[in-house]
Amino acid sequence: MKILVCIKQVPDMESRFRVSSSGNWLEESDLAFRLNEYDEYAVEQAVQLKEQLGDIPEITVLSIGPDRVGESIRKALAMGCDRGVHIRDPESSRKDPWQIASLIASFAGDKEFDLILTGMQSQDRGSAQVGIMVSEILGYPCASTLVGFSYDNGIISARRELEGGTKAVVRLRTPAVVTCQLGLNVPRYPTLPNIMKAKKKEILSVPVADFSVVDGHATTLRLYQPTKKGGGLVIEGEVNDLADRLVGILKQKTMVLR
């Protein structure tokens, strides 16, 4: 069995975000980067399946981006993946979901992967489109937003999260693509021995020029910080006094009471 896990390196959400001079992306010099949280669930699910099947599956982890994404690939290897593939593309942040999905499908097309896992979405763009597009290009069945996963003899039972807290269970036969939601599992922390082992695992580095890059269908025109609105007013005291003061404020400051 062959498993592919697609991961993305994203800005750490604790970073200081500034719009770049181009106006359509972030100033990356200010940012720290980490493995996309949703993708950690995909990596963990792949490793759990490998453990379930007695270490038979081979897990390949794939990432597209500049040189720095090697750090996130190494983390996935330390979590239990077997080999890494880095498609070197310094302009990956400018590509739309269709272009990224096409690159993944181009790599995976002749590899005969039985299962492809992705995060439900990335924390930076949040399109939630790439995994589903990969399945469409390859002609594989797909289940998205997984919060439950089981596998038996080529059949995946996937529990999906729908709107309003509703859950649905679907079954699909491999080869298949699934996208992983928060809560699917508890991603493991790489241990020191596994971190050391990951340094010896293979990472195949391939330039994006080796693939046919399709034209994008969506362009980011502008990024901007939301306009800051006025702060709230906290009033304290006895309930009866507070009610009178609140009515007075509403009359003076708003059109709610006249």
Side-chain angles (χ1 to χ4, degrees), residues 3-15 17 34-53 57 59 61-63 72 75-76 79-81 96-98 100-101 104 113-189 217-218 220 223 225-229 231-232 234:
I3 300 174
L4 176 66
V5 185
C6 304
I7 66 171
K8 183 179 184 181
Q9 190 181 61
V10 297
D12 191 303
M13 295 300 107
E14 300 299 320
S15 298
F17 290 91
R34 55 158 293 167
L35 174 58
N36 182 49
E37 184 177 5
Y38 293 89
D39 298 343
E40 291 188 31
Y41 293 91
V43 173
E44 177 63 28
Q45 194 58 61
V47 175
Q48 286 188 14
L49 181 57
K50 181 181 176 73
E51 293 170 343
Q52 173 192 332
L53 299 179
I59 304 175
V61 57
L62 168 69
S63 189
S72 293
K75 179 175 181 179
M79 290 175 69
C81 295
D96 74 355
W98 174 250
I100 297 297
I104 294 170
F113 288 108
D114 298 284
L115 178 61
I116 299 176
L117 300 100
T118 75
M120 183 193 76
Q121 64 182 7
S122 62
Q123 290 174 284
D124 52 1
R125 290 196 180 274
S127 71
Q129 297 177 26
V130 170
I132 297 168
M133 286 180 173
V134 169
S135 74
E136 180 67 20
I137 296 169
L138 295 177
Y140 288 2
C142 177
S144 60
T145 62
L146 264 64
V147 293
F149 177 98
S150 63
Y151 173 87
D152 182 37
N153 196 30
I155 302 295
I156 295 168
S157 293
R159 190 159 63 97
R160 302 182 57 232
E161 183 175 62
L162 307 180
E163 296 295 332
T166 306
K167 302 292 191 297
V169 175
V170 298
R171 288 188 176 89
L172 53 162
R173 185 178 296 276
T174 57
V177 178
V178 298
T179 76
C180 303
Q181 168 67 301
L182 305 180
L184 172 61
N185 50 49
V186 180
R188 67 194 66 193
Y189 288 101
H217 293 293
T220 301
L223 252 63
Q225 296 285 355
T227 303
K228 291 185 178 181
K229 298 181 179 180
V234 178

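It should be emphasised that the depicted structure is a prediction, and the values quoted were computed from it without experimental measurement. These values consider heavy atoms only, across backbone and side chains, with no hydrogens, waters or symmetry-generated copies.
To the nearest 0.5 angstrom, I59 atom CD1 is 10.5 Å from L4 atom CG. Separating the CD1 atom in I116 from the SG atom in C6 is a distance of 6.0 Å, to the nearest 0.5 Å. Between atom CG of residue D12 and atom OG of residue S15 there is a gap of 4.5 Å, rounded to the nearest 0.5 Å. Going from atom OG of S122 over to atom CD of Q129 covers 10.0 Å, rounded to the nearest 0.5 Å.
With a 4.5 Å cut-off on side-chain heavy atoms, T220 and R125 count as touching. When side chains are defined from C-beta on, V186 does not count as touching Y41, because their heavy atoms never get closer than 4.5 Å. Looking at L172 and V170, their side chains come closer than 4.5 Å, going by heavy atoms from C-beta outward. Within the 4.5 Å cutoff, no side-chain heavy atoms of F113 are placed close to those of I3. Side-chain contact between I156 and T174 is present, with heavy atoms from C-beta onward closer than 4.5 Å.
Under a 3.5 Å cut-off, the side chain of D114 and the backbone N or O of P175 do not form any donor-acceptor pair. Side-chain atoms of S63 come within 3.5 Å of backbone atoms of I7 as a donor-acceptor pair (strictly under, hydrogens ignored). Here the side chain of Y151 pairs a donor or acceptor atom with the backbone of G154 at under 3.5 angstrom. T179 places a side-chain N or O within donor-acceptor distance of the main-chain N or O of T145, the cut-off being under 3.5 Å. When atom types are taken as modelled, the side chain of N36 and the backbone of Q123 share a donor-acceptor pair closer than 3.5 angstrom.
Shown here is Q52, whose CD atom has more than 12 heavy atoms of other residues, nucleotides or ligands within 6.0 Å.
Contacts of N185 classified as side chain to side chain donor-acceptor pair (under 3.5 Å), with partners at least two apart in sequence or in another chain: Q45.
The nearest pair of heavy atoms linking G119 to A42 is N-CB, 4.1 Å. Nearest approach of V5 to A46, heavy atoms of both residues: CG2-CB, 3.5 Å. Counting all heavy atoms, side chain and backbone alike, C180 lies closest to L117 at SG-CD2, 4.1 Å. Contact record, G148 with L184: N-CD1, 3.4 Å, taken as the closest heavy-atom pair.
Salt bridge K75/E44: absent, no basic N to carboxylate O contact under 4.0 Å. A salt bridge links E40 with R34; the closest basic N to acidic carboxylate O contact falls under 4.0 Å. Remark: D124 engages K8 in a salt bridge, criterion side-chain N to carboxylate O under 4.0 Å.
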Intermediate values then yes/no, side chain to side chain contact (heavy atoms under 4.5 Å, CB included), R188 and V47: CA-CA 10 Å; R188 67 194 66 193; V47 175; 3.5 Å; yes
Verdict with supporting geometry, E37 and Q121, side chain to side chain contact (heavy atoms under 4.5 Å, CB included): CA-CA 9 Å; E37 184 177 5; Q121 64 182 7; over 6 Å; no
Full working for side chain to side chain contact (heavy atoms under 4.5 Å, CB included) between V130 and I104: CA-CA 9 Å; V130 170; I104 294 170; 3.8 Å; yes
Residue pair C81, V43: steps toward the side chain to side chain contact (heavy atoms under 4.5 Å, CB included) verdict: CA-CA 8 Å; C81 295; V43 173; 3.9 Å; yes
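Under the side chain to side chain contact (heavy atoms under 4.5 Å, CB included) test applied with Q181, the options M120, R159, R160 reduce to a single match, M120.
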